[in-house]
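First the structure, in the form of structure tokens, and then the observations on it.
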Amino acid sequence: MVEGVLNGEKRALARLITFIENEEPIALDALSQLYRHTGEAHVVGVTGPPGSGKSTLVNKLTTAYRERDKTIGIICVDPSSPFSGGALLGDRIRMQKHTLDEKVFVRSMGTRGHLGGLSRATSDAVRALDAFGKDIIIVETVGAGQSEVEVIEIAHTVVVTDVPGSGDDIQAIKAGIMEIADIFVVNKSDLPGADKKVLELNAMLDIAPEDDGWRPPVLQTNSRTGEGVETLVEKIEEHMRYLKASGLLDERGLERSREELEDIMEYKLTQELLGKLRGSTDYEEAINKIAKRHEDPYTVAERLIVKFLAEQEE
């Protein structure tokens, strides 16, 4: 499978992402082998409220990149099915125009109830696409509002979409959207109020602190006609050049590596601990006592962890 991914076999890539979604041990082994082949792709997050035309915009972005002879990977993060855990919307439905293009790989992934709308599997799938050799990887989020900030942990460049007349500017500030956007897009610019929306966003940017010296541009696009999409591609590329020149790309890479290592360690330790405890008599009795208020979960959790760590030292 690893060789297949490195050789550009789509079937091998699709199998690997399925294994990633199902948390199969073989996926971790494959990702471990693929890691040294990653780090070349430009990851672009596209987020924003439902109805802001994200999917149509991603379609047009893909067309624009293909005209520049770039290879594209697309992860569409959708709400999970409550029955299967998979994505409710199929990738072939979402990106019909590009599914027959050998240089484009589209995959829908479910959030599986993850708070931020991005499951842990999403970042691993992005890594698989990176190793596969895609130049640009677009992660389109589910568009669930305030929790859509996690995309910043995956993407180099975050594009936040909005539409004229949405009337949620203050809400956007509360959501932290101003902090995560590298580029603002007022989509559906043929609707009344597009210019007003641009002015409002720029006014908010004027009072927002600039932490890293990059002032997010506010662009207008019409994802139905493709108007403004070329400018958006140019701004996305300009942002990557800025990240490299300023040293922020390396700085953020270090921080992400630290967070990723700690996340993986936390996950593996938790799985190891629970794998040992679940089903044991002591564990089930402790849960029963907690339910009856004979013990509290905080004390029990600390006792179990201390006992687990002590056993590891023996």
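The first residue in the sequence is number 1, and the count goes up from there. Values below: every heavy atom of this structure, side chains too, minus hydrogens, waters and symmetry copies.
Heavy-atom contacts from other residues, nucleotides or ligands closer than 6.0 Å to CG of Asp69 number 12 or fewer. Residue Lys276 places its NZ atom among more than 12 non-hydrogen atoms of other residues, nucleotides or ligands, all under 6.0 Å distant. Residue-environment remark: NZ (Lys289) stays at or below the threshold of 12 foreign heavy atoms within 6.0 Å. For Gln271, the CD atom sits in a packed shell: over 12 heavy atoms of surrounding residues, nucleotides or ligands are nearer than 6.0 Å. By the neighbour-count criterion of 12 heavy atoms within 6.0 Å, atom CD of Glu311 is densely surrounded, having more than that number from other residues, nucleotides or ligands.
A donor-acceptor pair is defined here as one N or O able to donate and one able to accept, closer than 3.5 Å; no such pair exists between the side chain of Arg252 and the backbone of Asp250. Remark: the backbone N or O of Glu9 is not paired with any side-chain donor or acceptor of Asn7 at under 3.5 angstrom. His42 places no side-chain N or O within donor-acceptor distance of the main-chain N or O of Ile136, the cut-off being under 3.5 Å.
Between His239 and Trp214, the two ring planes are perpendicular [angle over 60°; tilted spans 30° to 60°].
In terms of heavy atoms, Val185 sits closest to Thr221 at CG1-OG1, 3.1 Å. In terms of heavy atoms, Ser52 sits closest to Lys188 at C-CE, 4.3 Å. The two residues Ala181 and Pro216 make their nearest non-hydrogen contact at O-CG, 3.3 Å. For Leu34 against Val2, the heavy-atom pair with the smallest separation is CD2-CG1, 3.7 Å. Closest heavy-atom contact between Ser108 and Glu21: O-OE2, 4.2 Å. Of all non-hydrogen atoms in Thr161 and Pro49, the two that sit nearest each other are O-CD, 3.2 Å.
With contacts defined as side-chain heavy-atom distances shorter than 4.5 Å, the pair Ile236/Tyr65 qualifies. By the 4.5 Å heavy-atom criterion applied to side chains, Met204 and Phe184 are not counted as neighbours. Residues Lys134 and Leu13 are not in side-chain contact: their nearest non-hydrogen atoms beyond the backbone lie 4.5 Å or more apart. Counting heavy atoms from C-beta outward, Arg241 and Glu238 have side chains that approach closer than 4.5 Å. Side-chain contact between Thr47 and Ile180 is present, with heavy atoms from C-beta onward closer than 4.5 Å.
Distance check: Glu200 CD to Leu205 CG gives 12.0 Å after rounding to the nearest 0.5 Å. Atom-to-atom distance recorded for Asp101:CG and Arg66:CZ is 4.5 Å, nearest 0.5 angstrom. Taking OH of Tyr35 as the reference point, atom CG of Asp130 lies at 10.0 Å (rounded to 0.5 Å). A distance of 8.5 Å separates CD1 of Ile287 from CZ of Arg278, quoted to the nearest 0.5 Å. For the atom pair CZ of Phe105 and CD1 of Ile75, the computed distance is 7.0 Å after rounding to the nearest 0.5 Å. For the atom pair CG (Leu61) and CD (Glu230), the distance works out to 9.5 Å, reported to the nearest 0.5 Å.
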Start with the C-alpha distance between Glu153 and Ser123, add both sets of side-chain angles, then the distance that settles side-chain hydrogen bond (donor to acceptor under 3.5 Å, both in side chains), and finish with yes or no. CA-CA 9 Å; Glu153 296 176 5; Ser123 59; over 6 Å; no

I'd like to know whether Asp135 forms a side-chain hydrogen bond (donor to acceptor under 3.5 Å, both in side chains) with Thr71, so could you lay out the CA-CA distance, the side-chain angles of the two residues, the decisive distance to 0.1 Å, and finally the verdict. CA-CA 5 Å; Asp135 300 317; Thr71 58; 3.1 Å; yes

Please determine whether side-chain contact (heavy atoms from CB on, under 4.5 Å) holds for the pair Arg215 and Asp206, giving the CA-CA distance in whole Å, both sets of side-chain angles, and the decisive distance to 0.1 Å. CA-CA 9 Å; Arg215 190 186 194 280; Asp206 287 340; 2.5 Å; yes

Test Glu284 against Asn288 for side-chain hydrogen bond (donor to acceptor under 3.5 Å, both in side chains), laying out the working first. CA-CA 6 Å; Glu284 298 305 322; Asn288 193 40; over 6 Å; no

Go through the steps to decide whether Leu57 and Leu232 satisfy the test side-chain contact (heavy atoms from CB on, under 4.5 Å), and finish with yes or no. CA-CA 10 Å; Leu57 185 63; Leu232 174 57; 4.2 Å; yes

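By the rule that hydrophobic residues join a cluster once side-chain heavy atoms approach within less than 4.5 Å of another member, Tyr242 and Leu249 end up as members of one cluster. Hydrophobic clustering (ILVMFWY, side-chain heavy atoms < 4.5 Å, transitive): Ile20 and Ile264 are in distinct clusters. The same ILVMFWY cluster, assembled from side-chain heavy atoms under 4.5 Å apart, contains both Leu6 and Ile26. Linking ILVMFWY residues whenever their side-chain heavy atoms come closer than 4.5 Å, directly or via other members, leaves Leu28 and Met109 in distinct clusters. Under a hydrophobic clustering in which Ile, Leu, Val, Met, Phe, Trp and Tyr are joined whenever their side-chain heavy atoms come within less than 4.5 Å, directly or via other members, Val300 and Tyr283 fall into the same cluster.
Just one of Leu277, Thr299, Leu309 meets the side chain to side chain contact (heavy atoms under 4.5 Å, CB included) condition when paired with Leu304; it is Leu277. When Val163, Leu191, Leu201 are each tested for a side chain to side chain contact (heavy atoms under 4.5 Å, CB included) with Val186, only one passes: Leu201. The side-chain hydrogen bond (donor to acceptor under 3.5 Å, both in side chains) with Gln220 is formed by just one residue from the set Asp195, Thr231, Asn187, Asp190; it is Asp195.
Judged purely by distance below 3.5 Å, without hydrogens or angles, the side chains of Arg107 and Thr18 pair a donor atom with an acceptor atom. A donor-acceptor contact closer than 3.5 angstrom is absent between the side chains of Ser223 and Thr56.
The salt bridge (charged side-chain N to carboxylate O under 4.0 Å, His left out) contacts involving residues 254-268 comprise Arg127-Glu260, where partners must be two or more places apart or lie in separate chains.
Taking 4.0 Å as the cut-off between side-chain N and carboxylate O, Glu237 and Lys70 do not count as a salt-bridged pair.
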